[in-house]
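A short write-up of the structure that comes next.
Predicted model, so just to flag it, every value in this text is computed and none were measured. Proteins come first, then strands; the chains are lettered A, B, ... in the order of their sequence lines, and each starts at number 1.
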Amino acid sequence: MIKKHYKRILVTSALTYANGYTHLGHIAGSILPADMYVRYLRLSGYDVIYICGSDEYGTAIEMTSIQESKTPQEIIDKYHFANKLAYEALGVSFDIYSRTSSEIHKKTSQEFFKKLYDKGLLYLKSEKQLYSEQEGRFLADRFVIGTCPHCRYEEARGDECESCGTTLSPLELIDPRSKITGDRPVVKESSHFYFPLSKFQTKLEEWMSTKSNWKANVLNYCKGWFKSGLRDRAITRDLKWGVPVPLEDYRDKVLYVWFEAPIGYISNTKEYFASKGDTDKWKEYWMSSDTKLVHFLGKDNIVFHAIFFPAMLMAHGDFVLVDNIPANEFMNLEGSKQSKSKGHAIYVKDVVEKFNPDSIRYTIASNMPENKDTDFYWEDLQARNNNELAAILGNFVNRTFIFSDKYFDLMVPPLSGEYQPIDKEILSKLKSYSESIASYYENYKFKDAVSETMNLAREANKYFNDTEPWNVIKHDKQRCGVIINTCLQLCYSFAILFNPVLPFTSMKMLKMMNMSGSDLKWSDAYAVALKEDHRLNKPEILFSKIENEEIKNL
RNA sequence: GCCGGAGUAGCUCAGGUGGUUAGAGCGUCGGAAUCAUAAUCCGCAGGUCGGGGGUUCAAGUCCCUCCUCCGGUACCA
């Protein structure tokens, strides 16, 4: 059980960077586990909100806009709305999916900065940087290329030489030039505000030492950073595209994306409650110690959520710190990593047009990269859909409904007479499975949760086989009624237990059962929820088979 | 280079603090059943756990070393 002292749960998925279409890697890493988690929590009656959005500022978007000859605003509009729609099509149940280009975010992140500034925590430091006079901008390290001073590789990046692996500074490069325009930059001084991360190391380590339930990879990763000593970090940039620094003398600078973006979780929470007409309610979620804050994300941004953002919040002082970071590894595609630039990725917007979104969700959840990188295979989608969703779950619901139609006129048959041991056994399994599945969800074990749920569907099929209603109907209709009643209760349970991973199918099943989907409760999964003589609707096929031709050439 | 993670049946993956014959699903093969989208249920076979070395009565699990892959490496996010 979730610890009692938490009154509400605040769940975030890593903001999606709005310079590309969201792909299955994002879903597997930070979106689907969070969505399943919040769907489970809602069913169990917890007070939970689920926050996400687009991350829309920073160097990379400015560069994309130059490359595509568009304005940054055009870039983020294109991807923000496309990704928002894609998530909806996949059934992701954000309470809000907003954007960091919003006014409310600008205000919130500026206030955050100002508070740290007023507390005297920030300091200015001047540094030499490369400046392109042609482009009128300072160049970010990785947007400078030049010759590596160690191995003479001519295309080395300003932050690292990909040829010899040496960590570089752009000023070390021989013959540096802008990656975008090829312009030869000049060295120029610029001052930036620094966040004193080093001062927070002890506090962070103490805080993290209480997090023994965190995943080992997250804790070890942070220990590595602590071991080498945290360094202060520049939190402003010389960019045009970003949240302006809220100080008169520094209007030409913007806040560093990784300072401002996580504040987006707060801004979006504000926006959510403001839209509901309750302007101050966000404070309950962000400023009460009885809020459980959970960040879902991929391994690539552990450091920002486990170290940098918590340090910012500590510095600010008013906010709750994260309770857990169930970071996932990556989901690759057919053996190699997904990459936008190489065109090797499955975009959500494309895949939801071709296949049942629940089949996609189920396939990803079943192979979620909880412990190590995993691979998505089209053949796996086909196999999961055909052999599990259609053959086990779909078939059980179908055979139950067809039978109810044929022999009981689509009415829930009465429970006349006593349950036999075999009935009691499946009903008690229903309870124990519901509990173990719940425990898996609460402990972020989504793969286990899903496979356990499917195992229960296998048990249901076994019950149907073992009780042989097709034989019993010939000589004992009352007994057969008890069996089919039980099977129908199981169908209702599946609508609840599968809801976190198969939300669309869950609703379809409830419609077939002529039951409301608005007040589903986890605990009803092991109650006798369907009344005798309750009228059912005509059955529909839940999952159609995916044929070989459909996954060829994908 | 440095820090962290991973390498387990044909395939995809599980395997706190070392301990009986290393697990699951899929696939394969065999059987039962025929209400059901030829859908179900039962069973057999199949790995010595990336390579090498070590500690131990006992190692997939701890230590050393090597190889391969992934993430981070503080101005990409």
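- Of the options A/Phe195, A/Phe309, A/Phe226, A/Trp225, a ring pair (Phe, Tyr, Trp, His ring centres under 6.0 Å) to A/Phe200 is made by A/Phe195 and by none of the others.
- If you check residues 484-494 of chain A against RNA chain B, you find no residue with a heavy atom closer than 4.0 Å.
- Remark: A/Arg233 is positioned above the aromatic ring of A/Phe308, its terminal NZ or CZ atom under 6.0 angstrom from the ring centre and at most 45 degrees off the axis.
- For residues 300-315 of chain A, the pairs satisfying side chain to side chain donor-acceptor pair (under 3.5 Å) are A/Tyr265-A/His305, with sequence neighbours left out.
- Comparing the same atom, C1', in B/U17 and in B/G53 gives a spacing of 25 Å after rounding to whole Å.
- Proximity of a side-chain donor or acceptor of A/Gln338 to a complementary backbone N or O of A/Ile346 within less than 3.5 Å is detected.
- Residues from residues 463-474 of chain A placing a heavy atom under 4.0 Å of any atom in RNA chain B, listed by number, are A/Phe464, A/Asn465, A/Trp470.
- Nucleic acid contact class of A/Gly394 (heavy atoms, under 4.0 Å, all strands): base.
- Taking atom C1' on both B/C44 and B/U28, the two are 11 Å apart, rounded to the nearest angstrom.
- With sequence neighbours excluded, no residue satisfies side chain to side chain donor-acceptor pair (under 3.5 Å) with A/Tyr21.
- Between A/Asn387 and the phosphate of B/G27, there is a side-chain N or O to OP1/OP2 separation shorter than 4.0 Å.
- Here A/Ala495 pairs with A/Ser506, A/Met509, A/Leu510, A/Met513 under the side-chain contact (heavy atoms from CB on, under 4.5 Å) rule; sequence neighbours left out.
- Aromatic ring pairs are classed by plane angle as parallel below 30°, tilted from 30° to 60° and perpendicular above 60°; the pair A/Trp258 and A/Phe304 is parallel.
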Please step through side chain to side chain donor-acceptor pair (under 3.5 Å) for the pair A/Thr16 and A/Tyr87, ending with a clear verdict. CA-CA 11 Å; A/Thr16 309; A/Tyr87 287 136; 2.8 Å; yes

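- Here the options are A/Lys253, A/Glu127, A/Lys128, the test is side-chain hydrogen bond (donor to acceptor under 3.5 Å, both in side chains), and the partner is A/Ser190; only A/Lys253 passes.
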Protein-nucleotides 61-65 of chain B N/O pairs closer than 3.5 Å?
none

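- Looking at heavy atoms from C-beta onward, A/Lys538 lies in side-chain contact with A/Leu410 at the 4.5 angstrom threshold.
- Residues that satisfy the side chain to side chain donor-acceptor pair (under 3.5 Å) test with A/Arg137, not counting sequence neighbours, are A/Glu62, A/Glu135.
- A distance of about 14 Å separates the C1' atoms of B/C35 and B/C41, rounded to the whole Å.
- Considering only residues two or more places apart in sequence or on other chains, A/Asn217 meets the side chain to side chain donor-acceptor pair (under 3.5 Å) condition with A/Glu329.
- A/His105 and A/Thr100 share no donor-acceptor pair across their side chains, judged by distance under 3.5 Å alone.
- B/U21 sits 27 Å from B/C26 when the P atoms are compared, rounded to a whole Å.
- Take A/Asn328 and apply the side chain to side chain donor-acceptor pair (under 3.5 Å) test, not counting sequence neighbours, and it matches A/Lys215.
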Detail all sub-3.5 Å separations between protein N/O atoms and N/O atoms belonging to nucleotides 4-12 of chain B.
unit_1, atom_1, unit_2, atom_2, d
B/G5, OP1, A/Asn220, ND2, 2.8
B/U12, O2', A/Asn367, OD1, 3.1
B/U12, O2', A/Asn367, ND2, 3.0

Check nucleotides 46-48 of chain B against the protein and report each pair of N or O atoms closer than 3.5 Å, with its distance, or say if there are none.
none

Pairing pattern in dot-bracket form [Watson-Crick, G-U; both distances under 3.5 Å; | = partner strand] for RNA chain B: (((((((..((((.....[...))))..((((.......))))......(((((..]....))))))))))))....

Between A/Asp423 and A/Arg479, does a salt bridge (Lys or Arg N to Asp or Glu O under 4.0 Å) hold up when you go through it step by step? CA-CA 11 Å; A/Asp423 311 325; A/Arg479 169 62 194 150; 2.7 Å; yes

